[in-house]
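Residue numbers run from 1 in the order of the sequence given.
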Amino acid sequence: MQVEHTPIAGVTLVKPRVWRDARGYFVETWQKTRYADIGIDLPFVQDNQSLSGKDTLRGMHFQKHHPQGKLVFCPVGRVFDVACDIRRDSPTYGQCFGVELNEDNLWQLWIAPGLAHGFCVLSDKAIFQYKCTDFYHPGDEGGFAWNDPFFKIDWPIKDPILSEKDKNAPFWER
């Protein structure tokens, strides 16, 4: 596998080795020792999967007191995935990193605890998977508006389909 460190500490792009032939492909999506060797060594406690249609935008989400590290990828379809540094004491506070994850590249994005995360769907549908380092705590949710001017996320869609929660998300309190 290839590893690319992004400009944001705690955000790593993982490009797993994919074996392809006439039958399809095989990819190892997680192996404890290999991932620990690249600095992803927190224990995973929960896996999540979502199915979304074109132009759906989910985000920007985080947990306030129980931050989750997330290893995410898109095995079906295409998404634009974004991580934003909301750690006020971080030298990259306020910066975001976005990348296309899709069924062809099978790349993964590691998003360390304490960062906000979101994605939008570029294909007709997409399946998105998350490995999380902490359990989901509904009362601990945090989020900010997908179009918050502080973060300046360059989304590749202009009129996203949003949940009520995301439609009503506030701007980030600086």
Side-chain angles (χ1 to χ4, degrees), residues 2-16 35 38-40 42 44 48-50 52-75 77-123 126-134 136 140-174:
Q2 294 179 330
V3 177
E4 292 182 15
H5 297 285
T6 72
I8 300 173
V11 179
T12 304
L13 184 62
V14 179
K15 299 179 178 180
Y35 281 70
I38 63 170
I40 303 172
L42 295 173
F44 290 108
N48 302 322
Q49 178 174 300
S50 67
S52 304
K54 185 173 181 63
D55 294 333
T56 295
L57 192 149
R58 296 179 183 262
M60 296 298 296
H61 304 150
F62 58 92
Q63 290 197 151
K64 298 172 188 172
H65 304 289
H66 301 277
Q68 295 175 307
K70 297 177 181 176
L71 182 65
V72 301
F73 78 109
C74 180
R78 297 172 46 230
V79 303
F80 181 71
D81 196 62
V82 176
C84 292
D85 192 346
I86 58 172
R87 303 167 295 187
R88 294 186 191 277
D89 60 347
S90 170
T92 55
Y93 170 69
Q95 294 181 26
C96 299
F97 176 80
V99 65
E100 183 176 322
L101 306 177
N102 62 56
E103 64 189 20
D104 294 321
N105 64 31
L106 296 173
W107 294 348
Q108 301 171 314
L109 194 63
W110 165 246
I111 303 157
L115 298 166
H117 173 253
F119 68 92
C120 68
V121 178
L122 306 174
S123 52
I127 293 176
F128 194 77
Q129 295 183 336
Y130 318 60
K131 291 186 85 54
C132 301
T133 62
D134 202 342
Y136 172 67
D140 197 37
E141 285 184 311
F144 56 86
W146 67 278
N147 58 350
D148 191 311
F150 177 70
F151 291 102
K152 300 179 184 120
I153 301 169
D154 188 15
W155 294 104
I157 63 174
K158 300 303 174 209
D159 190 22
I161 299 167
L162 302 167
S163 68
E164 286 303 312
K165 175 175 75 172
D166 290 338
K167 283 179 187 175
N168 296 311
F171 284 144
W172 182 250
E173 293 182 23
R174 304 187 242 314

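- D159 CG: 12 or fewer foreign heavy atoms inside a 6.0 Å radius.
- With hydrogens and angles left out, the side-chain atoms of Y136 and E141 include a donor and acceptor closer than 3.5 Å.
- Listed here is the closest heavy atom pair of G10 and L115: O-CD1, 3.9 Å.
- Once rounded to the nearest 0.5 Å, the distance linking CG of L57 with CG of N147 reads 9.0 Å.
- Screening W155, F97, F119 against V82 for a side chain to side chain contact (heavy atoms under 4.5 Å, CB included) leaves a single residue, W155.
- Aromatic ring centres of F44 and Y130: separated by at least 6.0 Å.
- Look at D89 and R87 and you find no salt bridge, because none of the NZ, NE, NH1 or NH2 atoms lies under 4.0 Å from a carboxylate O.
- Enclosure of atom NZ in K15 by more than 12 non-hydrogen atoms of other residues, nucleotides or ligands within 6.0 angstrom is indicated.
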Task: side chain to side chain contact (heavy atoms under 4.5 Å, CB included) assessment of W110 paired with L42 - done: CA-CA 11 Å; W110 165 246; L42 295 173; 4.2 Å; yes
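- Residues L106 and P75 approach most closely at CD2-CA, 4.1 Å, considering heavy atoms.
- The CH2 atom of W107 sits 8.5 Å away from the CG atom of L101 when rounded to the nearest 0.5 Å.
- Nearest heavy-atom pair across G142 and K64 is CA-CE, 3.9 Å.
- When side chains are defined from C-beta on, N48 counts as touching C132, because their heavy atoms get closer than 4.5 Å.
- Going from atom OG1 of T133 over to atom CD1 of I40 covers 11.0 Å, rounded to the nearest 0.5 Å.
- Annotation: side chain of F171 is in contact with side chain of P149 (closest heavy-atom distance under 4.5 Å).
- Listed here is the closest heavy atom pair of G53 and T56: O-OG1, 2.9 Å.
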Open item on the list: Could you walk me through whether D81 and H117 satisfy the side chain to side chain contact (heavy atoms under 4.5 Å, CB included) test, starting with their C-alpha distance in whole Å, then the side-chain angles of each, then the deciding distance to 0.1 Å, before giving a yes or no?
Closed with: CA-CA 8 Å; D81 196 62; H117 173 253; 2.6 Å; yes
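- Nearest approach of F128 to C74, heavy atoms of both residues: CD1-CB, 4.2 Å.
- Checked by atom type and distance alone, the side chain of D140 pairs as donor or acceptor with a backbone atom of H66 at under 3.5 Å.
- The side chain to side chain contact (heavy atoms under 4.5 Å, CB included) search around I86 returns F62, A116, F144, F151, W172, not counting sequence neighbours.
- Taking NZ of K165 as the start and NE2 of H61 as the end, the distance is 4.0 Å to the nearest 0.5 Å.
- Separating the CG atom in L122 from the NZ atom in K54 is a distance of 6.5 Å, to the nearest 0.5 Å.
- E103 places a side-chain N or O within donor-acceptor distance of the main-chain N or O of G77, the cut-off being under 3.5 Å.
- Interatomic distance, E100 CD to N105 CG, rounded to the nearest 0.5 Å: 7.0 Å.
- Under the 4.5 Å side-chain criterion, counting only non-hydrogen atoms from C-beta, V79 is not in contact with V72.
- With contacts defined as side-chain heavy-atom distances shorter than 4.5 Å, the pair Q108/Y35 qualifies.
- Proximity of a side-chain donor or acceptor of Q68 to a complementary backbone N or O of D134 within less than 3.5 Å is detected.
- Looking at every heavy atom in both residues, P7 comes nearest to T92 through O-CG2, 3.4 Å.
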